[in-house]
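Indexing begins at 1, ligand by ligand and atom by atom, following the structure's order. For clarity, every value in this text was computed on a predicted model and none was experimentally measured.
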Amino acid sequence: MSDRTLLFEPTHRDGLARLGRLHTAHGIVQTPTLLPVVNPNERTIPPSELYERFGVRMLITNAYILSQKEALRDAALRRGIHALLDFPGAVMTDSGAFQVSRYAAVDPDPIAVVAFQRDIGVDLGTVLDVISPGEVPYERATADVEETLRRVRAATDPTLRADLPLAGTVQGSVYPELRERCAAELATTDCALHPIGGVVPLLEAYRYGDVLDAVLAAQGGLHPGRPVHLFGAGHPMMLALACLLGCDLFDSAAYARFAAADRLVFTDGTRLLRDLAELPAGAPAFVGVDLQGLQAMSVAQRTPLLARYNLWATMQELSSVRQAISEGTLWELAAARCRAHPALEAAFRRLDRWKDLTGRSARPSHDQALFLTGGRDPQPPQLHLHRTRLDERYRAPPSVAAIVVLPWESEPLSVRLRTWWGRLQQVAPTSVLLRTPLGLVPMELTTIYPFGQHVAPPDWAAGPLAAGSGRAPAALAQRMVADMPRIDVGSFSDGALETTCQSLRNRLGLAPQPRGGPSTALATRWDATLHWLVLRATLDQQFGRPQGTDAVVGATAADAPLQYVAGSTGRLRNVLAATGADCGAISRNPPPGACHLLSLRAADGRVTLKLAAATMLKASVPAPGLRVVAQPRVREVILQGRNVMAGHVLAIDSQLRPGDECLVVDPDDGLLAVGRLEMAAHEVGAVTRGMAVRVRDGAGQHGGH
Ligand code: GUN
């Protein structure tokens, strides 16, 4: 038999969700994916058709059912499972645990079950786990977990399983701490994949919140490099949510079971054929068939058509999920899908309880604006992350004397806002906050994701953020306690600017000032000051290392050793090192030969580092801050700009998140490259495949080393 290793290679992440490639002895399987359940006794859709017409690359069948009929068992042992099913892709088998839980007479031997799966040549077998029947007392659930773990340890003994990759199932009933403990134990065993089991009774009772708790509790203990399967789930209504929780594989007989009951699945639920007003448009199974014709068919004729439709609809939804993961919009898709049923919506709200876990893998930035709908939904993890960072990392501009709160303008740093800002500075050093749907945000942070890249209905903040929406970031709030004047501006009506300036003067006890626009020289200085503020606040928010920020931008705008390159909208795009007279200069194009420090991305306002700025950050931020330490043997290729693979990482700053800028260093802390982290820090040490850092500049490129 060929070598049956099973390797999982995550290729893209969106929170806990991931796109991945499962390398099997029978080809590569793109995840998340659904393994259609094939009952060896009734093949509703022939496996060869699943492969050729539906593009199914992995299916699941049941080893227990196969072993029960002598003829089938002998054929499977003699010909191998792939020939028996006539399926060239990967085959997983379940162990019969589900049948044990449903039918008292079923009592397979756990060792024999593994041996049989080994001998029929499956690509992935399942250890016979013990499913707690529904909600059992804690003691009973603990005993079931212990027995499951005992069987997994016995099954993973190489003398039994040989080269068979095994799935070790997480049980634990409705007890999250038991689920986590079971998962953590399983992480120490030699399994290739971990299903979450025992959720079918919960799904049948619409207890999606308990399913969510079971999956996330397990995620707290599982090995981050192994794929996660959700046993018995496959309705398109809940796939987006399940993927958001980090499930990579599903198996379901629902497509065939529902078809046999004349039911069609949709992303918003299930409908009976007789209740349809029309057939779903574009479904390949219904080409050449009309509704009346389908309803008039015999059961034997229409069940296969309905099964094909159900499978197609389920696979379509997984395709939408994969697209959303690649765009970083799965949260929004799951939120929308969960509105289909109150029980799903209630489950979605439970995500708020799992902020710490989901936050670990949250990407701080996405290329698409954050769409906020559903005022009572929990905050997406990236929003929670940025609001926390705003409180913890924001530094008020130096020597601020007052705060002015302005209405939200969704164009960051619009001409109007810049005019207001400049005029207010003429009166006194003022911090300008904007009343955004996400709460009060300093104007200099409205260029970065998600503060400047979100779309929300105007009353969105009336939802979960209401309590915080009038609150200034902690760093400013602290100073406001010391009686710093705060003026709230209701609208940008005619004359509001001058009235506000006047109130500010009165509040600060300043003498009246003659009216009149700023001189050109002043306006240029303000623009440079604003660029400096944006840069400083962005670096602080992104890296959280004030000493590093100061090393790059200097202590004040006036003596910043920087030149600014602004885009056509006036927004800062590139920052160069300045020499003497160039300090604070603003241009549209980088002067030739200047030393490029960093860029600000148009899509999300975040900084991408060049080697010069990376060197400054490294000198001022002590190790392990911002670092990914690479093995000495890949030193030379990384210096030349090659990406860093997960297996080549020796250590990593545990604060880094996927999408963060990072410094790649050797074990002696010599800078090798600068790039972007592609995985969560806790994942990097655990996985052996996949890219850890996408390198932008190697220190040895362009003769720089
Ligand atoms: N199918 C549905 N649920 C389960 C489960 O918990 N364990 C196994 N082995 N198969 C299942």
Side-chain angles (χ1 to χ4, degrees), residues 34-40 58-68 91-103 106-114 116-117 122 124-136 140-152 154-156 161 164-175 178-179 182-183 185-186 189 191-205 207-208 210-211 213-215 217-218 222 227-235 238-239 242 247-257:
L34 174 89
L35 318 188
V37 173
V38 170
N39 182 333
M58 187 166 185
L59 57 73
I60 185 166
T61 185
N62 193 299
Y64 173 75
I65 297 175
L66 278 168
S67 68
Q68 288 309 290
V91 175
M92 174 179 181
T93 33
D94 198 354
S95 54
F98 190 67
Q99 284 68 21
V100 174
S101 76
R102 292 269 151 134
Y103 314 108
V106 176
D107 186 20
D109 167 37
I111 299 290
V113 167
V114 174
F116 180 66
Q117 296 177 92
V122 303
L124 176 64
T126 302
V127 180
L128 186 75
D129 47 323
V130 183
I131 306 177
S132 302
E135 200 166 338
V136 292
R140 165 73 196 275
T142 307
D144 292 341
V145 163
E146 293 305 337
E147 177 59 14
T148 298
L149 290 170
R150 199 188 61 72
R151 292 181 185 180
V152 170
T156 46
R161 50 99 65 95
L164 174 67
L166 281 170
T169 306
V170 183
Q171 295 292 349
S173 184
V174 290
Y175 304 105
L178 200 51
R179 292 263 178 194
C182 180
E185 281 291 324
L186 286 170
T189 64
C191 286
L193 170 148
H194 296 291
I196 317 281
V199 299
V200 172
L202 301 174
L203 290 170
E204 285 171 348
R207 291 174 61 174
Y208 297 115
D210 290 331
V211 176
D213 286 346
V215 176
L222 282 176
V228 176
H229 181 122
L230 188 58
F231 255 142
H235 194 296
M238 49 88 64
L239 288 175
C247 297
D248 306 290
L249 295 113
F250 304 90
D251 67 280
S252 182
Y255 71 99
R257 260 191 306 111

Main chain of Ala141, side chain of Gln171: is a donor-acceptor contact present, judged purely on distance under 3.5 Å? no
Between Glu146 and Arg150, is there a salt bridge with N-O shorter than 4.0 Å? no
Between Leu249 and Leu193 the two heavy atoms that sit nearest each other are CD1-CD1, 3.5 Å
Show the protein residues that qualify under the rule heavy atom under 4.0 Å from an atom of ligand 1, listing them in chain and number order. Asp94, Ser95, Ala97, Phe98, Asp129, Ile131, Gln171, Gly197, Gly198, Val200, Phe231
Residues at least two apart in sequence or cross-chain that pass salt bridge (charged side-chain N to carboxylate O under 4.0 Å, His left out) with Arg257, listed by chain then number, are none
Polar side-chain atom of Thr61 near backbone of Val38 as donor-acceptor pair, under 3.5 Å: yes
Can any side-chain N or O of Arg161 pair as donor or acceptor with the backbone N or O of Val114 at less than 3.5 Å? no
